[in-house]
Colleague: 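Got a structure here, written out as structure tokens. Questions coming.
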Amino acid sequence: VSRGSYNQSVGQPTPLMTTDSLFPAYTSPGPVFPGANGFLAVIISENPKDPYVQQWSAGVPLALTGKTKIEIGYVGSKGTNLLMRRNINQAYEYTPSKPSVAERKPYPNFGVYINSDWSGYSNYHAMNVKLEHRAQDLLATAAYTWSRSRDSKSAAAGIGGSAFNGWQGLLNNHDPARDYGLSDFDVDHRIVGSFVYNLPFGAGQRFAGGATGIKNALIGGWQVNGIFTWQRGFPMTITAVDIGGVLDTFGSNRADEVGDPYPSGFEPTIEKWFDTTAFAQPAFGKFGNVGRHSLRGPSLTNLDLALFKNFELPKKMKLQLRLESFNALNHAQFNAPNTNVTSPQFG
């Protein structure tokens, strides 16, 4: 593979290159010197495995009344041989006798050596409770999920919440088990409720059931709807700096936990989401002891409301007017705080 970077701009002194002249001729590609070119290699593991997911579930539906029922269920899954991308040429652990990154690389002729293998694994467990009420005027549903999702990496290339380790995705690529923790997308508690309520006014309803004409057009056909969502925040990892780049992690590291992030009496605020004194920058050449996704960001709270007015028209036609309000209570949804222990905005 020949890889190049060609930056061009209108008005440059040399002629603009077109696609027919971007690539070298195949007749004489010339020798490749990996060490001299900072060569990046990507391979598919010589030990391929079939990835698979096992799933299991159990549930019990119960009728509380003729119009109300509850369902209680358990869902589990286990992922095995999942695709991973690991920089197998990351330098081995730093020692004073071998301070140079280059001399600690397993494959000294390569800069970065990515191995796509099937060593990943995951598991998920959840309890689901759903309450549903169906009546003539009201349809209401409430669902609660209590779950936990763990994995060694949530995406092959380390995207998503683990992006602090970039495309390689692991803090120490020689020790993937160190990164086993909550998934980037894990939400341990989530409540969702919704309702559709036809107001009992107008023709055929409990109140003013005999209304006709203009009176019925004014008081009949009203409907109120709502969706409420609350969930705990997504996981986040407290990061630090790879001082001097000696760990070969492209500048990233994890912090050392030296105290309790949530001591007794501590209340998270926007200015201080956790006790920032509980974390410190690791020493030179040392990986931080904080696990992947040890804390959680702000929760999400949202209420959507709607008011509908339904009109009966001739020839079985209907007209519906809608007034909809999203995040009706104007609840602020905050992003995760700054998680780098060396930043002035940490926490």
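Because only heavy atoms are used, hydrogens play no part in the values below, and waters and symmetry mates are left out as well, while side chains stay in.
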Colleague: Indicate, with yes or no, if L305 and L307 share a hydrophobic cluster defined by side-chain heavy-atom contacts under 4.5 Å among Ile, Leu, Val, Met, Phe, Trp and Tyr.
Modeller: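 Yes; tracing contacts between hydrophobic side chains, which count when under 4.5 Å, links both residues.
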Colleague: Please say whether more than 12 non-hydrogen atoms of neighbouring residues, nucleotides or ligands are located less than 6.0 Å from CD in Q136.
Modeller: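 Counting other residues, nucleotides and ligands, CD of Q136 stays at 12 neighbours or fewer.
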Colleague: Which heavy atom in F308 sits nearest to a heavy atom in A306, and how many Å separate them?
Modeller: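 It is CE1-CB, 3.6 Å.
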Colleague: If hydrophobic clusters are built from ILVMFWY residues whose side chains come within less than 4.5 Å, do I214 and L313 share one?
Modeller: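 In one cluster with I214: L313, no.
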Colleague: Please report the C-alpha distance between D188 and R232 in whole Å, then the side-chain angles of each, then the deciding distance to 0.1 Å, and finally whether the salt bridge (Lys or Arg N to Asp or Glu O under 4.0 Å) criterion is met.
Modeller: CA-CA 7 Å; D188 56 351; R232 281 241 289 171; 2.7 Å; yes
Colleague: In terms of side-chain geometry, is the basic nitrogen of D117 or R86 positioned less than 4.0 Å from the acidic oxygen of its partner?
Modeller: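 Yes, this pair counts.
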Colleague: Under 4.5 Å between side-chain heavy atoms, hopping through other hydrophobics if needed: is there a path connecting L62 to V129?
Modeller: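 L62 and V129: one cluster.
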Colleague: Within the 4.5 Å heavy-atom criterion, are S149 and S77 side-chain neighbours or not?
Modeller: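 No, side chains not in contact.
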Colleague: Should we say atom NZ of K272 is surrounded by more than 12 heavy atoms from elsewhere, each under 6.0 Å from it?
Modeller: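 Counting neighbours around NZ of K272, more than 12 heavy atoms of other residues, nucleotides or ligands fall under 6.0 Å, so yes.
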Colleague: Identify, with sequence neighbours excluded, every residue that meets side-chain hydrogen bond (donor to acceptor under 3.5 Å, both in side chains) alongside T80.
Modeller: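 Only K78 meet the side-chain hydrogen bond (donor to acceptor under 3.5 Å, both in side chains) criterion with T80.
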Colleague: Could you state whether L170 and I44 fall into the same hydrophobic cluster, counting links through intermediate Ile, Leu, Val, Met, Phe, Trp or Tyr residues with side-chain heavy atoms under 4.5 angstrom apart?
Modeller: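 No, L170 and I44 fall in different hydrophobic clusters.
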Colleague: For F185, does its backbone N or O pair with a side-chain atom of S183 as donor and acceptor, under 3.5 Å?
Modeller: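 The answer is no, because no donor-acceptor pair under 3.5 Å joins these two groups.
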Colleague: Without swapping roles, check the side chain of D242 against the backbone of S252 for a donor-acceptor pair under 3.5 Å.
Modeller: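 Pair absent, no side-chain N/O of D242 close to backbone of S252.
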Colleague: Charged N to carboxylate O below 4.0 Å: is that the case for R104 and D248?
Modeller: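 No.
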Colleague: Sort and list the pairs that fulfil side-chain hydrogen bond (donor to acceptor under 3.5 Å, both in side chains) and have at least one residue in residues 219-230, not counting sequence neighbours.
Modeller: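 Of all non-adjacent pairs touching residues 219-230, those that pass side-chain hydrogen bond (donor to acceptor under 3.5 Å, both in side chains) are Q223-N225.
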Colleague: Verify, without hydrogens or angle tests, whether T237 (side chain) and G291 (backbone) share a donor-acceptor contact under 3.5 angstrom.
Modeller: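 A pair under 3.5 Å: no.
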Colleague: Side chains of V101 and Y94, heavy atoms from C-beta outward: is any pair under 4.5 Å?
Modeller: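 Result no, sub-4.5 Å side-chain heavy-atom pair not found.
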Colleague: Short question: side chain of D256, backbone of Q281 - any donor-acceptor pair under 3.5 Å?
Modeller: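 No; judged by distance alone, with no hydrogens or angles, the pair does not exist.
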Colleague: Which atoms form the tightest heavy-atom contact between A177 and Y121, and what is the distance?
Modeller: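 Closest pair (atom of A177, atom of Y121, distance): CA-OH, 4.0 Å.
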Colleague: Using a strict threshold of under 4.0 Å (side-chain N to carboxylate O), is an ion pair present between R296 and D186?
Modeller: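 Looking at R296 together with D186, the answer is yes, because their closest N to O distance falls below 4.0 Å.
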Colleague: Are the side chains of R292 and R254 in contact, using a 4.5 Å heavy-atom criterion?
Modeller: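 Yes. Closest side-chain heavy atoms under 4.5 Å.
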Colleague: Kindly say whether G59 contributes a backbone atom to a donor-acceptor pair with the side chain of E71 at under 3.5 angstrom?
Modeller: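 No, the answer is negative, given that no donor and acceptor are paired below the 3.5 Å cut-off.
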Colleague: Counting N and O atoms only, with roles assigned by atom type, does the side chain of S9 sit under 3.5 Å from a partner on the main chain of Q12, one being a donor and the other an acceptor?
Modeller: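 Pair absent, no side-chain N/O of S9 close to backbone of Q12.
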Colleague: According to a hydrophobic-cluster definition based on side-chain heavy atoms being under 4.5 Å apart (Ile, Leu, Val, Met, Phe, Trp, Tyr only), do I70 and M127 belong together?
Modeller: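 As far as the 4.5 Å side-chain criterion goes, M127 and I70 are connected within one cluster.
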Colleague: Are the side chain of K153 and the backbone N or O of R85 linked by a donor-acceptor pair below 3.5 Å?
Modeller: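 Yes, K153 side chain to R85 backbone: donor-acceptor pair under 3.5 Å.
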Colleague: Taking only residues two or more places apart in sequence or in another chain, which ones pass side-chain hydrogen bond (donor to acceptor under 3.5 Å, both in side chains) with R190?
Modeller: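 Checked R190 against side-chain hydrogen bond (donor to acceptor under 3.5 Å, both in side chains); matches are Q231.
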Colleague: Is I88 close to Y107 at the side-chain level, that is, under 4.5 Å between some pair of heavy atoms?
Modeller: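 In short, these two side chains touch, coming nearer than 4.5 Å.
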Colleague: Centres of the F274 and F346 rings: under 6.0 Å?
Modeller: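 That pair passes the under 6.0 Å test.
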Colleague: So with a 6.0 Å cut-off around CG of N335, is the heavy-atom count from everything else above 12?
Modeller: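 Check fails, neighbour count at 12 or below.
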Colleague: Within the 4.5 Å heavy-atom criterion, are P106 and Y92 side-chain neighbours or not?
Modeller: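 In short, these two side chains touch, coming nearer than 4.5 Å.
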Colleague: Around atom CG of L321, are there more than 12 heavy atoms from other residues, nucleotides or ligands closer than 6.0 Å?
Modeller: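 More than 12 within 6.0 Å, yes.
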Colleague: I'd like to know if the side chain of K105 reaches the main chain of N89, judged simply by a donor and an acceptor atom lying under 3.5 Å from each other, with no hydrogens or angles considered.
Modeller: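 Present.
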Colleague: Do side-chain atoms of N253 reach the backbone of K286 as a donor and acceptor pair under 3.5 angstrom?
Modeller: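 Checking the backbone N and O of K286 against the side chain of N253, a donor-acceptor pair under 3.5 Å is found.
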Colleague: Strictly distance-based, threshold 3.5 Å: is any side-chain N or O of N289 a donor or acceptor partner for the main-chain N or O of E257?
Modeller: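 Answer holds: yes.
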